[in-house]
Amino acid sequence: MNDGLKPETQLIQDGPFRDERYGAVIPPLYQNSTFTFDSWDALDAAFEDRSGTPTYSRILNPTVQAAERHLAALAGTEKARLFPSGMGAISAALLHCLRPGDHLITLNNVYGPAANLMGSYLPEKMGIQTTFVDGGDLAEVGAALRPETRVLYLESPNSARFGLQDIEALCALVKPRGVRVLIDNTWATPLFQKPLALGVDLELHSVSKYLSGHSDLVAGVVLGKAELVDAIATREAELLGGKMAPFEAWLLLRSLRTLPARMALHQANGLAVGHFLEAHSGIAEVRHPGLPSHPDHALASRQLSGFSSLFSFTLKTDHLPAIKAFFDSLKLFGRGVSWGGHESLIYSPAISAVKEQPPERLRAMGLAPGLMRVAVGLESPADLTADLAQALEKSQAAIP
Ligand SMILES: Cc1ncc(COP(=O)(O)O)c(C=O)c1O
């Protein structure tokens with residue numbers, strides 16, 4: 001790894017991973033399960049050097065390791081371990097840090113499947129006790145602490161409402177009590193937010209979003225000090241089998257070379273679309289941490305060095321046919337889940353809930369029926385805002 005270089009340079013200069021034999025501009029893909037050795041002693045030495053010499057690809061693969069080294073350098077930490085999905089990384093990290101009977105604290109607005117893992121799976125399988133808090137309220141977190149609290153699990157900005165947590169203040173509050181702090185840093189990427197430097201123990205990502213950036217792979221990563229990440233690698237990753245495929249790591253290496261350029265454009269496009277929506281008469285609220293109107297904007301400006309392009313906004317109308325008219329009239333936004341790819345996407349977290357819940361109950365959950373989550377891609381913001389404008393017009397025409 002070329003230490004001291006800026007991320008834009010480091011991610012393009014593959015350094016030690018360059019193809020020695022032919023000088024191929026892209027490093028080779030080691031698409032193999034096993035590795036062979038000349039002698040008993042050579043194989044024995046390879047087993048001794050578990051995190052340096054590959055013997056079997058569930059344990060170590062050179063292509064996966066190349067991507068892990070880039071990710072660790074980007075996050076400014078010692079070690080990265082890739083997983084086959086973001087949920088694979090999250091579950092391995094939590095299993096490592098918890099024992100039966102432990103207590104953990106997490107957020108009301110944490111990513112849904114992570115909420116299910118912490119709120120029902122771990123309590124059912126391991127007797128873990130989970131408290132959900134706002135996360136923006138230090139006193140509430142302090143009051144939730146118990147002698148058996150072992151983990152504080154953050155996600156800043158969080159899902160759907162994009163509320164922030166003060167990472168440094170929370171680490172200072174809970175770490176003296178023997179609590180490990182884990183954070184899902186997918187929204188910001190390691191480029192725009194460095195939570196490990198603020199005291200966090202483990203930084204987690206869904207690599208399926210901006211890090212891969214092309215909507216063509218699903219992966220996850222755990223980042224942190226070598227001792228802790230290596231322990232997760234030899235226990236949860238090796239024993240439970242959470243192994244990243246070499247081809248996906250090779251695709252990820254391709255994606256990482258353009259991460260800084262893509263994120264600069266995502267940031268600019270996201271803010272352009274956010275400003276457009278905020279000025280539109282059909283919109284009640286825009287929740288984008290990069291906009292001064294966001295309640296946590298001051299904290300966001302201090303804690304983040306840039307903004308990605310996933311945010312939410314709420315249509316003024318509660319009338320379902322008008323909400324659907326907006327959603328269905330969009331031509332340039334794919335209707336679907338996920339985010340962080342080059343294409344713009346739209347999703348309403350209320351899609352399933354509106355069928356079951358009255359508007360008052362959705363509001364209590366922070367989910368108005370007209371709440372839209374938008375992932376702004378790399379298309380022209382002029383085309384995207386024109387598309388939103390025509391869909392908003394259709395929506396307004398459908399209000400009785
Ligand atoms: C904030 C956040 N964290 C984690 C995940 C899970 O990642 P994966 O789908 O790669 O398992 C997602 C997926 O949408 C997410 O939005």
Side-chain angles (χ1 to χ4, degrees), residues 64 67 71 75 80-95 106-119 121-122 132 135 153-165 167 182-193 195 200 202-223 236-237 240-245 248-249 251-252 255-256 266 270 287-289 304 307-312 334-341 343-349 351-352 366-367 371-377:
V64 177
L71 289 165
R81 177 72 186 195
L82 280 161
F83 282 82
S85 69
M87 281 308 296
I90 292 167
S91 56
L94 283 168
L95 283 173
T106 190
L107 314 173
N108 294 326
N109 269 334
V110 75
Y111 171 63
N116 291 342
L117 174 68
M118 290 183 271
Y121 185 91
L122 291 175
F132 290 90
Y153 183 99
L154 306 176
E155 185 186 316
S156 185
N158 61 23
S159 291
R161 300 285 295 158
F162 303 95
L164 267 73
Q165 302 104 58
I167 300 168
L182 277 55
I183 190 168
D184 182 332
N185 196 30
T186 307
W187 187 92
T189 81
L191 209 55
F192 288 161
Q193 184 163 257
V200 160
L202 287 171
E203 176 179 340
L204 315 167
H205 290 266
S206 167
V207 171
S208 328
K209 316 300 182 205
Y210 295 112
L211 289 173
S212 63
H214 295 69
S215 304
D216 54 8
L217 68 93
V218 172
V221 70
V222 176
L223 294 146
E236 285 71 26
L240 304 181
K243 184 71 199 90
M244 170 92 162
E248 311 232 318
L251 281 176
L252 174 60
S255 298
L256 289 176
H266 276 298
R287 296 274 300 192
H288 185 315
L304 294 148
F307 302 104
S308 72
S309 62
L310 182 80
F311 62 97
S312 63
R335 283 164 280 275
V337 293
S338 201
W339 44 282
E343 74 293 352
S344 291
L345 294 168
I346 189 125
Y347 175 66
S348 172
I351 278 178
S352 50
L367 299 181
L371 181 90
M372 300 285 152
R373 190 189 72 177
V374 65
V376 179

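Only a predicted model underlies this, so the values are computations on that prediction, with no experimental measurement involved. FYI, side chains are in, hydrogens and waters are out, and symmetry mates aren't considered; it's all heavy atoms of this structure. Note that ligands are numbered from 1 as they come in the structure, with each ligand's atoms numbered from 1 the same way.
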Is there a nitrogen or oxygen of Glu155 sitting under 3.5 Å from a nitrogen or oxygen of ligand 1?
no
Please indicate whether any nitrogen or oxygen in Val218 is less than 3.5 Å from any nitrogen or oxygen in ligand 1.
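Looking only at distances, the answer is no, because the N/O contact criterion of under 3.5 Å is not met.
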Inter-residue atom distance Asn116.CG - Met87.CE, 0.5 Å rounding:
8.0 Å
Drop me the distance from Asn109's CG to Arg161's CZ, to the nearest 0.5 angstrom.
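Atom-to-atom, Asn109:CG and Arg161:CZ are 7.5 Å apart.
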Before giving the answer on side chain to side chain contact (heavy atoms under 4.5 Å, CB included), spell out for Asn185 and Leu223 the whole-Å C-alpha distance, their side-chain angles and the decisive distance to 0.1 Å.
CA-CA 10 Å; Asn185 196 30; Leu223 294 146; over 6 Å; no
Per-atom contacts of ligand 1 with [X], taking only distances under 4.0 Å to non-hydrogen atoms:
X: Ser206; value: 4 (C), 5 (C), 6 (C), 7 (O), 8 (P), 10 (O)
X: Gly86; value: 7 (O), 8 (P), 10 (O), 11 (O)
X: Ser85; value: 10 (O), 11 (O)

Checking a contact table here: which protein heavy atom is nearest [atom], and how many Å away?
atom: atom 16 (O) of ligand 1; value: Trp339 NE1, 3.2 Å
atom: atom 1 (C) of ligand 1; value: Asp184 OD2, 3.5 Å
atom: atom 6 (C) of ligand 1; value: Tyr111 CE2, 3.4 Å

4.0 Å heavy-atom contact, Lys209 with ligand 1
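Yes, Lys209 has heavy atoms under 4.0 Å from ligand 1.
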Examine the proximity of ligand 1 to Trp187 and report which part, side chain or backbone, both or neither, has a heavy atom under 4.0 Å away.
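For Trp187, there is no contact with ligand 1 at all, from either part.
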Using heavy atoms and a threshold below 4.0 Å, how should the contact between Ala219 and ligand 1 be classified: side chain, backbone, both, or neither?
backbone
Taking atom 10 (O) of ligand 1 as the point of reference, which of Ser159, Ala375, Ser208 owns the nearest heavy atom?
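Result: the heavy atom closest to atom 10 (O) of ligand 1 is in Ser208.
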Can you tell me how the ring of Trp187 sits relative to the ring of Phe162, calling it parallel under 30°, perpendicular over 60° and tilted otherwise?
tilted
Is there side-chain contact between Glu155 and Leu204, with at least one heavy-atom pair below 4.5 Å?
no
Ignoring hydrogens and geometry, is there a side-chain-to-backbone donor-acceptor pair from Glu203 to Ile183 under 3.5 Å?
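A pair under 3.5 Å: no.
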Counting the benzene-type ring for Trp, do Trp339 and Tyr210 have ring centres under 6.0 Å apart?
yes
Nearest heavy atoms of Val218 and Glu248, plus distance in Å:
O-OE1, 3.3 Å
